[in-house]
Structures are given as C-alpha cells and as structure tokens.
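Whatever order the structure lists them in is the order used to number ligands and atoms, beginning at 1. Values reported hereafter were calculated over all heavy atoms of this structure, with side chains retained and with hydrogens, waters and symmetry mates removed.
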Amino acid sequence: MRIDVMTLFPDFIAQAAAVGVVGRAQERGLLSLHGWNPRDYASGGYRRVDDRPFGGGPGMVMMVEPLLACLTAVRGADPAPAPVIYMSPQGAPLTQKKARELAALPRMILLCGRYEGVDERFLKAHVDEELSIGDYVLSGGELAAAVVIDAVGRLQDGALNDADSAVQDSFEGDGLLDCPHFTHPSSHPLGDVPAVLRSGDHAAIARWRRQQSLGRTARRRPDLLDEGSLSKADKALLTAFRDQETGEGGAG
Ligand code: 9D3
C-alpha cells in the first residue's frame, strides 16, 4: 500500500512510522510512505500557508492554494486513484473495522491540518472523508495520521511476524480485551505467576485466558460486551470470574 501524507511536518510522520512493525513493513516493501509539505507549494517569498479567518476570531486557517498545488503534485506522482482523508476532530471515529477497510486499499492520501483547520472550500472540493482518533484536543493532525498509519500499516499482508499475534489482539479476534500476560521469573516479591499458566494443561490455560478476557471486558469496557449473546460456557466463566472477584479488590 502507498500512503501519501500532506503535512507541514513530514519529518514527524516519517519518524513515527520508522520503528517497529510499521518500520519493518516499509523495509519489506509492503508499505510506502511519502510526505508532502504544502509549504513547498506556497507562492511568494514568505511561503505562507495560513491566513486569518474571515469573520474574525482566534487562530489561523490553512489556505486553499498551497493545498491545491500540493495535492496536484501528490496526484501527479502516482495517477492511481486514492481517497483524500482529512484528519479532523469533526471526523468519524477511527475503529479497527475502519483500519481494516483502509488497509485493503492500494493507496490513500492523508491530510493533516494545523492551526484552526483547513479552508472549507478545499475540504468540500477534494476531501472524501474525515477521520478523528478520539474525543480529545490535539494540536494538529500529525499524531492522528501517525496513529492511522500504524493501525493500517501493521495490517498489510506479511507485516506481522508469528510473534506479533494479530488475531489475539483486542478488537481483532472476538472484540474482547486481552488477558493478562506474565514472563520469568515465576516467583517474585511482586507476586507469583498464576499456577494454571505453569500447569502445562493447554485447555485449562485457554479457559483461564478466556475468562480473564471476559471478566476484564465486563469490568473495564462493558460497552464492548453484549452479555446476552454470550455462549453458555462464556456466561459461566464470567459468573465465576465475578464470584472470585468479590472481596478480592484490585485493578482486575
Ligand atoms: C476552537 C476549538 N479549536 C481549537 C481548540 C478546535 C480545534 C482545531 C484543531 C481542535 C483541534 C484541532 C487540531 N486537531 C486535529 O487536527 C485532529 C484531531 C484532534 O484534535 N482530536 C482527535 N482526532 C483528531 S484528527 C485531527
């Protein structure tokens, strides 16, 4: 997949996507990332990309012309069709489902805003969709674009090694939160590893993990769990989890 990013801070995007699974996906040629700076397409000695808002008020607005010239260059570099996605607090929330849909595209163009945002005329003419990464205020679209690139990049075929366990991840398999994980040493002043995980009984281990996933999801993210549609076995695991929990306390 090819991802073009229109941003006043292309270095930030490159750095954020250079590490870990997504960095490796780029090295493997599964993902190609291209940064484009609207400032490079701005006219005049000052290379202005923003101006004051009509109607007054605080902040600045990104101007149409540098964005148009930048987008023309992006389209010219590769004529393959690609949606323009504007990272915006007004966008639809990013979900794992959305990440899967985007990951299946051959190409997309991400637009990052700074200041108060982008002149509405550019958005209306050239933006296909708007995406938000959550209900909190960022200083610009770059961090949000980096999140999209990470979520989408790791879904490229061949990006994950066996050790990266895509299917076990929350939201990817059954929509439950992950179970707790432990490694050596088995005994430590902070506590012992649950005996079941050292038992070698793979069915019991799978049952315990399922129970922890169900219990944590019920406790921490009840919005993700439709208890009514759980299997009888899952309901029993969850009931037992709640019974154990009573009086135990802790973060669950
Ligand atoms: C007057 C209110 N404005 C500033 C406090 C609104 C505003 C403008 C620009 C709020 C945030 C931003 C910059 N944010 C993004 O570009 C952004 C974003 C976000 O802030 N939260 C979640 N997802 C995203 S995607 C892009």
Residue part near ligand 1, for Glu116, under 4.0 Å between non-hydrogen atoms: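 Both backbone and side chain of Glu116 come within 4.0 Å of ligand 1.
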For ligand 1, the portion of Ser88 having any non-hydrogen atom under 4.0 Å away: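 Ser88 to ligand 1: backbone contact only, side chain stays beyond 4.0 Å.
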Option from Arg107, Arg75, His34 for which side-chain hydrogen bond (donor to acceptor under 3.5 Å, both in side chains) with Asp4 holds: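 Checked Arg107, Arg75, His34 against Asp4; only one passes side-chain hydrogen bond (donor to acceptor under 3.5 Å, both in side chains): Arg107.
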When you measure from [atom] to each heavy atom in [options], which option holds the nearest one?
atom                    : options                       : result
atom 16 (O) of ligand 1 : Gly117, Gly140, Gly59         : Gly140
atom 22 (C) of ligand 1 : Cys112, Gly134, Pro89         : Gly134
atom 5 (C) of ligand 1  : Val137, Asp135, Leu94, Leu131 : Val137

Carboxylate-amine/guanidinium proximity below 4.0 Å for Arg39 and Asp50: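 Looking at Arg39 and Asp50, the cut-off is not met.
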Pair Glu116 + Arg52, salt bridge at N-O below 4.0 Å: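 Judged by the 4.0 Å cut-off on N to carboxylate O distance, Glu116 and Arg52 do not form a salt bridge.
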Any donor-acceptor N/O pair, Asp192 side chain to Ser187 backbone, under 3.5 Å: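 Between the backbone of Ser187 and the side chain of Asp192 there is no qualifying donor-acceptor contact (under 3.5 Å).
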Checking a contact table here: which protein heavy atom is nearest [atom], and how many Å away?
atom                    : result
atom 20 (O) of ligand 1 : Leu138 N, 2.8 Å
atom 21 (N) of ligand 1 : Tyr136 O, 2.8 Å
atom 23 (N) of ligand 1 : Ile133 N, 3.1 Å

Crowding at CZ, Arg47 (>12 non-hydrogen neighbours, <6.0 Å):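 Yes, the 6.0 Å shell around CZ holds more than 12 heavy atoms from other groups.
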From Val127, Val64, Leu67, Val61, residue fulfilling side-chain contact (heavy atoms from CB on, under 4.5 Å) relative to Val118: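 The single option meeting the side-chain contact (heavy atoms from CB on, under 4.5 Å) with Val118 is Leu67.
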Steps toward salt bridge (charged side-chain N to carboxylate O under 4.0 Å, His left out) verdict (Asp201, Arg207): CA-CA 10 Å; Asp201 181 342; Arg207 226 163 23 243; 5.1 Å; no
Numbered atoms and elements of ligand 1 in range of Tyr115, under 4.0 angstrom, heavy atoms: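 Close to Tyr115: 9 (C).
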Ligand-residue contact atoms, ligand 1 with Ala144, heavy atoms, under 4.0 Å: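 So the answer, numbered in order with elements, is 25 (S).
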